[in-house]
Amino acid sequence: MLNKTQIRYCLDVFEEMFPEAECELTHKNPFELLIAVVLSAQATDVLVNKVTPELFRKYKDPSDYLAVPLEELEQDIKKIGLYRSKAKNIQKLCRTMIDDFNSKVPETQNELEGLAGVGRKTANVVASVAFDEPAIAVDTHVERISKRLGICRYKDTVLEVEKTLMTKIPKSEWSDTHHRMIFFGRYHCKAKNPNCGECPLLFLCREGQKRKRKEEKIT
DNA sequence: AACTCGGGGCA
DNA sequence: TGCCCAGAGTT
């Protein structure tokens with residue numbers, strides 16, 4: 001496990017590699033952000049961004065999503081994939097917002113997580129980006145990077161990863177760190193081919209060192 | 001913990 | 001063609 005000094009070094013490297021990293025799902029209002037993040041499950045943000053401008057022109061508030069038949073909403077988001085469950089969840093989520101939250105997006109993680117199609121990760125993104133709630137959203141990238149480097153344990157659950165990150169990273173840097181880790185994971189430390197050969201963190205990386213030893217054994 | 005949903009992007 | 005993707009719900 002990395003200590004705080006080593007983790008500090010990782011954060012600095014993330015910043016150096018991806019200084020411009022920002023949340024590409026930062027939309028104007030909480031409702032659009034919520035819908036965009038729900039749509040982004042198992043899909044790339046690039047794909048989501050292709051659909052949302054037109055979608056948000058047609059659907060302004062929760063009642064708009066309920067005003068059309070389910071099949072029409074499915075067609076409108078079909079390009080994204082997993083569209084059947086997402087369309088159904090969006091209508092259900094809008095119904096809950098109207099009935100229980102005065103047509104507004106709830107602001108706490110607990111209330112958000114109670115919405116259809118909203119899990120831990122989505123709830124944390126919306127709470128932190130839209131409402132400035134202190135939270136770290138752990139997606140597959142953040143989880144993979146944390147485990148590979150040794151910021152947390154390999155066998156940690158998502159919740160444990162989240163807890164560990166919150167204790168080991170200064171609160172003021174949660175948001176930036178999150179986005180930089182995602183860029184680091186997407187463009188450099190990929191799931192399939194981590195670019196260990198050109199990685200400035202190789203010397204302290206648990207997974208990288210393991211791969212290196214394996215290679216030296218073969219050659 | 002494993003399985004399913006799913007079209008688009010990319011090699 | 002085949003494989004993967006800023007997850008969530010169900011069993």
Side-chain angles (χ1 to χ4, degrees), chain A residues 14 17-18 20-27 30 32-56 70-97 105-106 109-131 133 135-148 151 153-162 165 169 174-195:
Chain A
F14 293 155
M17 291 177 77
F18 302 101
E20 79 292 356
E22 273 179 23
C23 180
E24 296 170 34
L25 288 173
T26 306
H27 287 70
E32 291 184 353
L33 173 70
L34 175 63
I35 299 294
V37 181
V38 167
L39 289 176
S40 75
Q42 287 299 96
T44 62
D45 52 326
V46 182
L47 194 53
V48 174
N49 286 335
K50 255 183 210 172
V51 177
T52 47
E54 199 182 336
L55 193 72
F56 294 158
L70 181 59
E71 295 73 29
E72 187 174 336
L73 181 55
E74 285 180 355
Q75 280 311 114
D76 289 339
I77 64 170
K78 192 170 180 115
K79 265 193 226 158
I80 297 181
L82 304 181
Y83 60 91
R84 273 191 285 261
S85 54
K86 284 176 186 172
K88 202 181 294 176
N89 283 336
I90 287 175
Q91 286 199 330
K92 199 168 168 192
L93 157 170
C94 288
R95 171 50 57 196
T96 308
M97 280 178 61
V105 179
Q109 279 134 299
N110 256 349
E111 289 169 332
L112 283 163
E113 233 185 307
L115 298 175
V118 179
R120 183 86 188 169
K121 185 248 167 182
T122 303
N124 283 357
V125 170
V126 174
S128 59
V129 175
F131 302 120
E133 291 266 334
I136 295 182
V138 178
D139 52 52
T140 53
H141 288 309
V142 174
E143 181 178 357
R144 184 178 70 253
I145 305 308
S146 301
K147 291 186 175 181
R148 276 187 179 162
I151 296 176
R153 281 182 265 269
Y154 258 116
K155 42 164 78 175
D156 280 354
T157 63
V158 180
L159 226 60
E160 288 169 332
V161 176
E162 183 183 324
L165 290 176
I169 296 174
W174 286 358
S175 173
D176 285 343
T177 300
H178 172 75
H179 300 130
R180 286 173 189 143
M181 278 179 91
I182 285 170
F183 272 67
F184 183 73
R186 192 197 297 167
Y187 298 116
H188 182 84
C189 191
K190 299 180 218 171
K192 255 303 180 45
N193 296 101
N195 194 359

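All chains are named by letter (A, B, ...) in the order of the sequence lines, taking the proteins before the strands, and each is independently numbered beginning at 1. The figures here come from the full heavy-atom set of this structure, side chains too, leaving out hydrogens, waters and symmetry mates.
Atoms NE2 (A/His141) and P (C/dC5) sit 7 Å apart, rounded to a whole Å. Look at NZ on A/Lys88: it is 14 Å from C1' on C/dA8, rounded to the nearest Å. Between A/Asn49 atom CG and B/dG7 atom C1' the separation is 17 Å, expressed in whole Å. For the pair A/Tyr187 OH and C/dC4 C1', the computed distance is 15 Å after rounding to whole Å. Rounded to an integer number of Å, the gap from A/Lys155 NZ to B/dA1 C1' is 15 Å. Across the protein-nucleic acid pair, A/Leu47 atom CG and B/dC10 atom C1' stand 13 Å apart, rounded to whole Å. Atoms CD1 (A/Ile182) and P (C/dG7) sit 9 Å apart, rounded to a whole Å. Regarding A/Asn89, its CG atom lies at a distance of 10 Å from the P atom of C/dA8, rounded to whole Å.
A/Lys86 comes within contact range of no nucleotide atom at all, as no heavy-atom separation falls under 4.0 Å. Counting any heavy atom pair closer than 4.0 Å across all strands shown, A/Ala137 reaches no nucleic acid atom. Across all strands, A/Val118 comes closer than 4.0 Å only to sugar-phosphate atoms, never to a base (heavy-atom distances). Residue A/Gly81 is classed as a base contact, given a heavy-atom separation below 4.0 Å to a base.
At the phosphate of B/dG8, neither OP1 nor OP2 sits under 4.0 Å from any side-chain N or O atom of A/Lys78. Taking 4.0 angstrom as the limit, A/Ser40 places none of its side-chain polar atoms (N or O) nearer than this to OP1 or OP2 of C/dC5. The side chain of A/Tyr83 places no N or O atom within less than 4.0 Å of a non-bridging phosphate oxygen (OP1 or OP2) of B/dC5. Note on A/Arg120: every side-chain N or O is 4.0 Å or more away from OP1 and OP2 of C/dA8.
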Exercise for the section: Starting from the C-alpha separation in whole Å, work towards a yes-or-no answer on salt bridge (Lys or Arg N to Asp or Glu O under 4.0 Å) for A/Asp45 and A/Arg186. Expected result: CA-CA 12 Å; A/Asp45 52 326; A/Arg186 192 197 297 167; 3.6 Å; yes
Exercise for the section: Could you check A/Glu74 against A/Lys88 for salt bridge (Lys or Arg N to Asp or Glu O under 4.0 Å), going step by step and ending with a plain yes or no? Expected result: CA-CA 8 Å; A/Glu74 285 180 355; A/Lys88 202 181 294 176; over 6 Å; no
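Out of B/dG9, B/dG8, C/dA6, the shortest distance to the side chain of A/Lys79 is found at B/dG8. For A/Gln42, the side-chain atoms get nearest to C/dG7 when compared with the rest of C/dA6, B/dG8, C/dG7.
Taking atom P in both C/dT1 and B/dG6, the straight-line distance is 23 Å, to the nearest Å. As rounded to the nearest Å, C/dA6 and B/dA11 have P atoms that lie 15 Å from one another.
Here the CG-NZ distance, from A/Asn195 to A/Lys190, works out to 7.5 Å after rounding to the nearest 0.5 Å.
The nearest heavy atom of DNA chain C to A/Ala41 and to A/Lys192 marks one nucleotide each, and the one closer to the 5' end goes with A/Lys192. Position along DNA chain C of the nearest nucleotide to A/Ala116 versus A/Ala43 favours A/Ala43 as the more 5'-ward residue.
Closest of all the heavy-atom pairs between A/Leu73 and A/Ala87 is CD2-O, 3.6 Å.
The aromatic rings of A/Phe184 and A/Phe18 lie perpendicular to each other, with more than 60° between the two planes, well past the 30° mark.
At a cut-off of 3.5 Å, with distance as the only test, no side-chain donor of A/Lys147 or A/Tyr154 sits close to an acceptor on the other residue.
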